[in-house]
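Have a look at the structure below, then the notes.
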Amino acid sequence: MENSTGSPHIDDRVQENSDLIEVVRSAWRGTLGYDTFNDDTTFFDAGGDSFVLISLIAKIKKSSGLTLRAVDLLRSPTIRSQAALLNQLRDNKGDDPEKTAIN
């Protein structure tokens with residue numbers, strides 16, 4: 001739903017971000033095997049490594065339909081920042097289904 005300026009309602013954007021945070025949390029849980037981290041813990045501080053990062057990318061792609069590169073996740077190492085990255089990617093993807101990463 002859009003307001004009179006043509007932009008999505010703030011409530012819609014908050015819900016989209018919450019949904020993406022849960023997508024990333026779920027991928028972290030499935031990849032790391034536990035869920036006691038918070039949204040601002042870095043992936044490596046939570047126990048991840050470069051090999052596990054590849055599995056995380058696959059889990060995020062499977063649940064969101066969006067493909068991130070390893071470098072994207074290294075630059076955005078927390079759940080919150082990865083969800084924001086997915087949100088930006090989804091917004092930038094538009095009509096280009098081949099676009100996979102944010103420049």
Residues R80, N17; criterion side-chain contact (heavy atoms from CB on, under 4.5 Å); working and verdict: CA-CA 9 Å; R80 191 177 316 278; N17 287 339; over 6 Å; no
Taking the side chain as everything from C-beta on, heavy atoms only, tell me whether F43 gets closer than 4.5 Å to L74. no
As a quick check of understanding, evaluate side-chain contact (heavy atoms from CB on, under 4.5 Å) for K61 and L66, giving each step before the final call. CA-CA 5 Å; K61 181 177 182 177; L66 299 169; over 6 Å; no
For the pair D72 (side chain) and R69 (backbone), establish whether a donor and an acceptor sit closer than 3.5 Å, ignoring hydrogens and angles. yes
Give the minimum heavy-atom separation between S76 and S81, together with the two atoms involved. C-OG, 3.2 Å
I'd like to check R90 versus L20 (side-chain heavy atoms, cut-off strictly below 4.5 Å). Are they in contact? yes
Side chains of T41 and T78: closer than 4.5 Å at any heavy-atom pair? no
Would you check if D39 and R25 make a side-chain contact, meaning some heavy-atom pair closer than 4.5 Å? yes
Is there a path of hydrophobic side-chain contacts, each under 4.5 Å between heavy atoms of I, L, V, M, F, W or Y residues, that connects I79 with V71? no
Which atom pairs, donor and acceptor, lie under 3.5 Å between side-chain atoms of residues 45-60 and protein residues at least two apart or in another chain?
from: D45; atom 1: OD2; to: T42; atom 2: OG1; distance (Å): 3.1
from: D49; atom 1: OD1; to: F51; atom 2: N; distance (Å): 3.0
from: D49; atom 1: OD1; to: V52; atom 2: N; distance (Å): 2.8

